[in-house]
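Bear in mind the structure is a predicted one, so any value in this text is a computation, not a measurement. Order of listing sets the numbers, starting from 1, for every ligand and every atom in it.
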Amino acid sequence: MEVLGSEWKHPVACASGVLGSNAPGMMTAASMGASAIFTKTVTPDPRPGHPGPCYVDLVDEEGYAMNAMGLPNPGPEVMAEEVSSFREAYPEVPVYCSVSAEDPDGFARVAATLSEVSDGVEINVSCPHAGAGMGAELGSDPNAVEEVVSAVVSSVDVPVSVKLTPNVDRRTLLEVAEKAVDAGADALTAVNTLGPGLRIDPTTRSPVLGAGVGGISGPALKPVALRIVADVALHLGDDVEIIGVGGVSKGRDVVEFLMAGAKAVQMGTATRDRTFHEVALETERLLEELELTWEEAIGAALDSYERALRRLGWA
Ligand SMILES: Cc1cc2nc3c(=O)[nH]c(=O)nc-3n(C[C@H](O)[C@H](O)[C@H](O)COP(=O)(O)O)c2cc1C
């Protein structure tokens, strides 16, 4: 199906930040069967990232992982070379570059450089631990999002998705999504990590993560992400493509995201022990059992979700 302007062979893509930091990582994701790759977020200047530890995996114990990488990246010029090497090796796998900055000009500059070598751009206004004035701070302000999206859209010729933060109330979320679409976004990616959250090591009496706080990903994020996908789909579904992300680790998760209104999904944390190929195959089998095509599944639960919202006075 066509997603974000390119043909995707199945609905399961690689989420930003997990394998797309450089060409070898992108090649690993492609060899694990990703239908598309979203790169690590790139900023106007290289960033070293936060001090370690940057990642704790508590999926088996507590149902989530937490990370505070701090957007480490080599800057747009080096990343453009990495993306180009990857595309030479895997021309059939679409690549979308995730971009972030502190102001609309910075976003536009990074997006312009990377759009030359990629199939599209994902605007990251949703990282919960990027620091003051960046990430989710920008993405919680509908007017700031509108300015960023306008600047990016007018500086690139490729499809643009805006990655939403889950860390806002329902009304703000819908306002942010609406402004992004009004400013020209072709798609919305829902969602980035939840939080930030805190975890303490009792022996050191200190936060476990080097940055102190981190974003929550994995299975615990899935119900929040699904609800946001469904809310955005009901509000704007006819005007924009939606890509669901948060806690996808099996075919059942993908089908739920499709039924909530997503056209496709991304998988991040679950790449620890699942391949995109396996999850895509499970999705295909479950859709067959349900006698639905990929296309027919999209939004299949929205009528009954809307009726439930009406009973709560929210629709
Ligand atoms: C280690 C790690 C690094 C991440 N880095 C980025 C990033 O650079 N940019 C971004 O937009 N999201 C980033 N994310 C968020 C993921 O793209 C995704 O939105 C989130 O993890 C939820 O999906 P999941 O539950 O499948 O992991 C990162 C997530 C993890 C776990």
Note down each nitrogen or oxygen pair, ligand 1 side and protein side, whose separation is under 3.5 Å; give only atom names and the distance to 0.1 Å.
{"from": "ligand 1", "atom 1": "5 (N)", "to": "K40", "atom 2": "NZ", "distance (Å)": "3.1"}
{"from": "ligand 1", "atom 1": "8 (O)", "to": "K40", "atom 2": "NZ", "distance (Å)": "2.9"}
{"from": "ligand 1", "atom 1": "8 (O)", "to": "T41", "atom 2": "N", "distance (Å)": "3.3"}
{"from": "ligand 1", "atom 1": "8 (O)", "to": "T41", "atom 2": "OG1", "distance (Å)": "3.2"}
{"from": "ligand 1", "atom 1": "9 (N)", "to": "S16", "atom 2": "OG", "distance (Å)": "3.0"}
{"from": "ligand 1", "atom 1": "9 (N)", "to": "T41", "atom 2": "OG1", "distance (Å)": "2.6"}
{"from": "ligand 1", "atom 1": "9 (N)", "to": "N124", "atom 2": "ND2", "distance (Å)": "3.4"}
{"from": "ligand 1", "atom 1": "11 (O)", "to": "N124", "atom 2": "ND2", "distance (Å)": "3.3"}
{"from": "ligand 1", "atom 1": "11 (O)", "to": "K163", "atom 2": "NZ", "distance (Å)": "3.1"}
{"from": "ligand 1", "atom 1": "11 (O)", "to": "N192", "atom 2": "ND2", "distance (Å)": "3.3"}
{"from": "ligand 1", "atom 1": "12 (N)", "to": "K163", "atom 2": "NZ", "distance (Å)": "3.0"}
{"from": "ligand 1", "atom 1": "14 (N)", "to": "S16", "atom 2": "O", "distance (Å)": "3.3"}
{"from": "ligand 1", "atom 1": "17 (O)", "to": "S16", "atom 2": "O", "distance (Å)": "2.7"}
{"from": "ligand 1", "atom 1": "17 (O)", "to": "K163", "atom 2": "NZ", "distance (Å)": "2.7"}
{"from": "ligand 1", "atom 1": "19 (O)", "to": "K163", "atom 2": "NZ", "distance (Å)": "2.9"}
{"from": "ligand 1", "atom 1": "19 (O)", "to": "V191", "atom 2": "O", "distance (Å)": "3.0"}
{"from": "ligand 1", "atom 1": "25 (O)", "to": "G218", "atom 2": "N", "distance (Å)": "2.8"}
{"from": "ligand 1", "atom 1": "25 (O)", "to": "G247", "atom 2": "N", "distance (Å)": "2.7"}
{"from": "ligand 1", "atom 1": "26 (O)", "to": "G268", "atom 2": "N", "distance (Å)": "2.9"}
{"from": "ligand 1", "atom 1": "27 (O)", "to": "T269", "atom 2": "N", "distance (Å)": "2.7"}
{"from": "ligand 1", "atom 1": "27 (O)", "to": "T269", "atom 2": "OG1", "distance (Å)": "2.6"}

Distance col, row T43:OG1 vs D45:CG, nearest 0.5 angstrom, shows 6.5 Å
In this structure, CD of E241 is separated from CD1 of I298 (nearest 0.5 Å) by 9.0 Å
Please tabulate, one pair per line, all N/O donor-acceptor pairs under 3.5 Å involving side-chain atoms of residues 99-112, not counting sequence neighbours.
{"from": "S100", "atom 1": "OG", "to": "N124", "atom 2": "O", "distance (Å)": "3.1"}
{"from": "D103", "atom 1": "OD1", "to": "D105", "atom 2": "N", "distance (Å)": "3.3"}
{"from": "D103", "atom 1": "OD1", "to": "G106", "atom 2": "N", "distance (Å)": "2.8"}

Quick one: do the S126 and T165 side chains pair a donor with an acceptor below 3.5 Å? no
side-chain hydrogen bond (donor to acceptor under 3.5 Å, both in side chains) filter on E122, not counting sequence neighbours, yields T189, Q266
Sorted by chain and number, sequence neighbours left out, side-chain hydrogen bond (donor to acceptor under 3.5 Å, both in side chains) with R272 holds for D57, D60
